[in-house]
Amino acid sequence: MGSNAVIAEWLQSPIQYLTEDHAVERLHDFARRALDRKAVTWHYLSLLKRQQSRLQGPDGGVRIKRYFYVLRPALALRWMRLNNVAMPPMDMPKLRAGCELDAPTSEALTTLTAQKMAVQERAETTVTQPVLDALVAEEVASAESWLAATGRTDPRDLWREANTLHQEFSLG
């Protein structure tokens, strides 16, 4: 069964236009059990690398907002690694709390967050934070190593449960 990290993110989004609490709760519970950590790891690793390739602005600086597009998947990879779960929180404070960041890394992330809040959308900085770059590199290496050593799981029971949920919420 392929796993879709984006759906798990939607289920956790603070922006909800219309909800049916029972359905959301059941889907959230199913997603927690059904998401394959290997597939979600591939998702965040690919997202991180794609954003790294877009990090440089037109003037050679680093786009601050894009730096966060690299850091968030790195933190998601770290959270999944440390918690051995495939559904990292969307909420940045919860994500950071589950990442066991050391003081220099946490301080650099807090400083960068404050800097991002104080500037315009396309703002750039001349340098990245070495401690944050080290975090990204560590999580990329860790994820690649873990992916190389991880096998596949049998998804048949989850497919049956997904079909039952689909029938209940779309036909019911």
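The closest donor-acceptor contact from the side chain of Ser145 to the backbone of Ser142 lies at 3.5 Å or more, if one exists at all. The backbone N or O of Leu55 lies less than 3.5 Å from no partner atom in the side chain of Arg63, so there is not a single donor-acceptor pair. Judged by distance alone, the side chain of Tyr69 and the main-chain N or O of Ile64 form no donor-acceptor pair under 3.5 Å. Looking only at distances, no side-chain donor or acceptor of Lys65 sits under 3.5 Å from a matching main-chain atom of Lys116.
Here the CZ-CZ distance, from Arg66 to Arg50, works out to 11.0 Å after rounding to the nearest 0.5 Å. Annotation: the span from Arg78 atom CZ to Leu82 atom CG amounts to 5.5 Å, rounded to 0.5 Å. Taking CG of Leu112 as the reference point, atom OG1 of Thr128 lies at 9.5 Å (rounded to 0.5 Å). Atom CG of residue Leu77 and atom CD of residue Glu144 lie 10.0 Å apart, to the nearest 0.5 angstrom. Annotation: the span from Asp36 atom CG to Thr41 atom OG1 amounts to 8.0 Å, rounded to 0.5 Å. The CG atom of Leu135 sits 5.5 Å away from atom CD of Glu139, with the distance rounded to the nearest 0.5 Å.
Val131 and Ala108 get closest at one heavy-atom pair: CG1-CB, 3.4 Å. When all heavy atoms are compared, the tightest approach of Pro88 to Leu95 is CB-CD1, 4.0 Å. Lys94 and Trp79 make their closest contact through O-NE1, 4.2 Å (heavy atoms, listed as atom of the first residue, atom of the second, distance). The shortest non-hydrogen separation linking Gln129 to Tyr67 is N-OH, 3.1 Å. Taking both residues in full, the closest heavy atoms of Ala86 and Val40 are given as O-CG1, 3.4 Å, listed atom of the first, atom of the second, then distance.
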*Hey, mind stepping through Arg81 and Glu100 against salt bridge (charged side-chain N to carboxylate O under 4.0 Å, His left out) and telling me if it holds?*
CA-CA 11 Å; Arg81 178 174 58 81; Glu100 300 175 8; over 6 Å; no

*Would Arg96 and Thr110 satisfy side chain to side chain donor-acceptor pair (under 3.5 Å), going step by step from the backbone distance to the final call?*
CA-CA 10 Å; Arg96 284 181 64 175; Thr110 298; 3.0 Å; yes

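Side-chain contact between Leu132 and Val70 is absent, with no heavy atoms from C-beta onward closer than 4.5 Å. With a 4.5 Å cut-off on side-chain heavy atoms, Leu109 and Leu75 count as touching. Contact annotation: the side chain of Gln52 approaches that of Val136 to within less than 4.5 Å [non-hydrogen atoms, C-beta and beyond]. The shortest distance between side-chain heavy atoms of Val140 and Lys49 falls below 4.5 Å.
For Phe68, the CZ atom counts as densely surrounded, since its 6.0 Å shell holds more than 12 non-hydrogen atoms of other residues, nucleotides or ligands.
For the pair Arg37 and Trp146, the cation-pi criterion (under 6.0 Å, within 45° of the ring axis) is fulfilled.
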